[in-house]
Amino acid sequence: MEELVKMLEGSDDEKWLALYKMQNVDFDRLKPYIPKIIEILKEKKLTRRIAFDLLLKICQEKPEVLLDYIDDFKNLICEGFESVYASLIIGKLSLRYPDVVDSETVSRIADLLESDAMKSYALLALSDIAISKPKALSNLIPKLIDLIMDKNWEVRWNTAKVFVNMISSDSSLVEPYLDEVRKIAENEKLKPSVRVVAYVILNEFRNLQNVAKKASPGLMGGGKGGTNKPCEL
């Protein structure tokens, strides 16, 4: 392990090799060196992508190793592309530990939606938070509705992922905005590739209602905040 840690201070090639080898060690042994790996995310080189891959693997296989460094990740969410990596890590961690997400974190990730280069990735992070802590995104829904019509198809589809996950977690958050989504779906002046995203969101809500009807005939609506009034789609 000491040899691998020394390599992190060496050339780019040495860093790459060390980061790859670290993917196959006991992640508990890596814990003291997580701050150094997080720092590599700031490098404007390919090494930061390899560091991200390592951190993502830790996040998926042994996320508790990263919990002491949540603030380090949050502090990276500002302007540089390291913001993307930090946001994605926090999103994934939130699936196991929802409390890693707070209002400030959501606000910082939301700021990335103003960047053409980063908003698609920011939406992927938000799509995880839509599962783990959907209410934290409630104030972002108007902005997300605008992104349904974004010029970038990837942004549009990632926006749909956020909505679909939010509907599955707590449909009552989205229900007040369905009319706005429906207007997009029915606007023949918009491209079909835009309108279809709105239809995906509406269909997800309708499918959830159908499941609720079968489960309990007296319950119309879905998620944690179901209502007694059906939503006509």
Side-chain angles (χ1 to χ4, degrees), residues 74 77 83-84 87-88 90-95 98-187 189-191 193-212 219-233:
K74 290 180 179 179
I77 306 175
S83 301
V84 166
S87 297
L88 291 170
I90 288 176
K92 293 299 180 187
L93 280 172
S94 77
L95 295 175
D99 288 342
V100 304
V101 173
D102 55 24
S103 58
E104 181 183 0
T105 306
V106 172
S107 178
R108 289 189 181 191
I109 297 175
D111 286 343
L112 303 182
L113 298 176
E114 304 303 321
S115 165
D116 287 340
M118 292 190 276
K119 62 179 147 183
S120 181
Y121 300 103
L123 287 164
L124 288 178
L126 293 175
S127 70
D128 285 333
I129 297 173
I131 296 172
S132 60
K133 214 165 188 178
K135 289 184 179 179
L137 305 186
S138 58
N139 291 335
L140 291 182
I141 294 178
K143 174 64 176 178
L144 294 172
I145 290 175
D146 289 339
L147 291 176
I148 294 174
M149 297 178 285
D150 193 88
K151 61 185 178 180
N152 185 327
W153 70 268
E154 192 170 16
V155 169
R156 297 195 297 268
W157 279 112
N158 287 349
T159 301
K161 291 178 184 177
V162 178
F163 272 112
V164 167
N165 288 347
M166 197 181 301
I167 289 169
S168 297
S169 301
D170 190 347
S171 64
S172 67
L173 297 173
V174 179
E175 187 170 1
Y177 299 91
L178 288 180
D179 283 344
E180 294 179 54
V181 177
R182 187 180 298 105
K183 287 177 182 178
I184 297 173
E186 296 175 351
N187 188 344
K189 294 181 180 180
L190 296 174
K191 294 180 180 179
S193 59
V194 172
R195 296 171 63 196
V196 70
V197 175
Y199 275 117
V200 166
I201 296 167
L202 293 173
N203 285 339
E204 180 66 19
F205 196 91
R206 179 168 55 194
N207 290 339
L208 192 65
Q209 281 195 315
N210 290 337
V211 171
L219 181 64
M220 305 290 285
K224 300 174 184 176
T227 66
N228 290 324
K229 180 181 178 182
C231 172
E232 296 179 2
L233 304 179

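Numbers here are sequence positions counted from 1.
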Can you name the residues that form a side chain to side chain donor-acceptor pair (under 3.5 Å) with [X], not counting sequence neighbours?
{"X": "Lys133", "result": "none"}
{"X": "Ser94", "result": "Ser132"}
{"X": "Asp150", "result": "Lys119"}
{"X": "Ser103", "result": "none"}

I need the minimum non-hydrogen distance between [X] and [Y], along with the two atoms involved.
{"X": "Leu190", "Y": "Val194", "answer": "CD1-CG1, 4.2 Å"}
{"X": "Pro134", "Y": "Ser169", "answer": "CG-CB, 3.7 Å"}
{"X": "Ser138", "Y": "Tyr177", "answer": "O-OH, 4.4 Å"}
{"X": "Leu137", "Y": "Leu126", "answer": "CD1-O, 3.5 Å"}
{"X": "Val197", "Y": "Ala160", "answer": "CG1-CB, 3.8 Å"}
{"X": "Val106", "Y": "Ala136", "answer": "CG1-O, 3.6 Å"}

Could you work out, with salt bridge (charged side-chain N to carboxylate O under 4.0 Å, His left out) as the rule, every residue matching [X], not counting sequence neighbours?
{"X": "Lys143", "value": "Glu114"}
{"X": "Asp102", "value": "Lys74"}
{"X": "Arg195", "value": "none"}

Flag, side chain of [X] to backbone of [Y], donor-acceptor distance under 3.5 Å:
{"X": "Thr105", "Y": "Val101", "result": "no"}
{"X": "Asn187", "Y": "Lys183", "result": "no"}
{"X": "Arg156", "Y": "Lys151", "result": "yes"}

For the [atom1] atom of [X] and the [atom2] atom of [Y], what is their distance to the nearest 0.5 Å?
{"X": "Glu154", "Y": "Thr159", "atom1": "CD", "atom2": "OG1", "result": "10.5 Å"}
{"X": "Met166", "Y": "Leu144", "atom1": "CE", "atom2": "CG", "result": "6.0 Å"}
{"X": "Glu186", "Y": "Tyr199", "atom1": "CD", "atom2": "OH", "result": "5.5 Å"}
{"X": "Leu93", "Y": "Leu88", "atom1": "CG", "atom2": "CG", "result": "11.0 Å"}
{"X": "Asn203", "Y": "Leu208", "atom1": "CG", "atom2": "CG", "result": "12.5 Å"}

Residues Asp111, Arg108; criterion salt bridge (Lys or Arg N to Asp or Glu O under 4.0 Å); working and verdict: CA-CA 5 Å; Asp111 286 343; Arg108 289 189 181 191; over 6 Å; no
Just so I know, are the side chains of [X] and [Y] near enough to count as touching, which here means a heavy-atom distance under 4.5 Å?
{"X": "Ser120", "Y": "Trp157", "answer": "no"}
{"X": "Ile90", "Y": "Asp128", "answer": "no"}
{"X": "Leu147", "Y": "Val162", "answer": "no"}
{"X": "Leu112", "Y": "Ile77", "answer": "yes"}
{"X": "Phe163", "Y": "Ile145", "answer": "yes"}
{"X": "Ile201", "Y": "Ile184", "answer": "no"}

By side chain to side chain contact (heavy atoms under 4.5 Å, CB included), which residues pair with Ser115, not counting sequence neighbours?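 If we apply the side chain to side chain contact (heavy atoms under 4.5 Å, CB included) test to Ser115, skipping adjacent residues, the hits are Ala117, Met118.
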Who passes side chain to side chain contact (heavy atoms under 4.5 Å, CB included) against Lys161, sequence neighbours left out? Leu124, Ser127, Asn158
Tyr121: what forms a ring pair (Phe, Tyr, Trp, His ring centres under 6.0 Å) with it, not counting sequence neighbours? Phe81
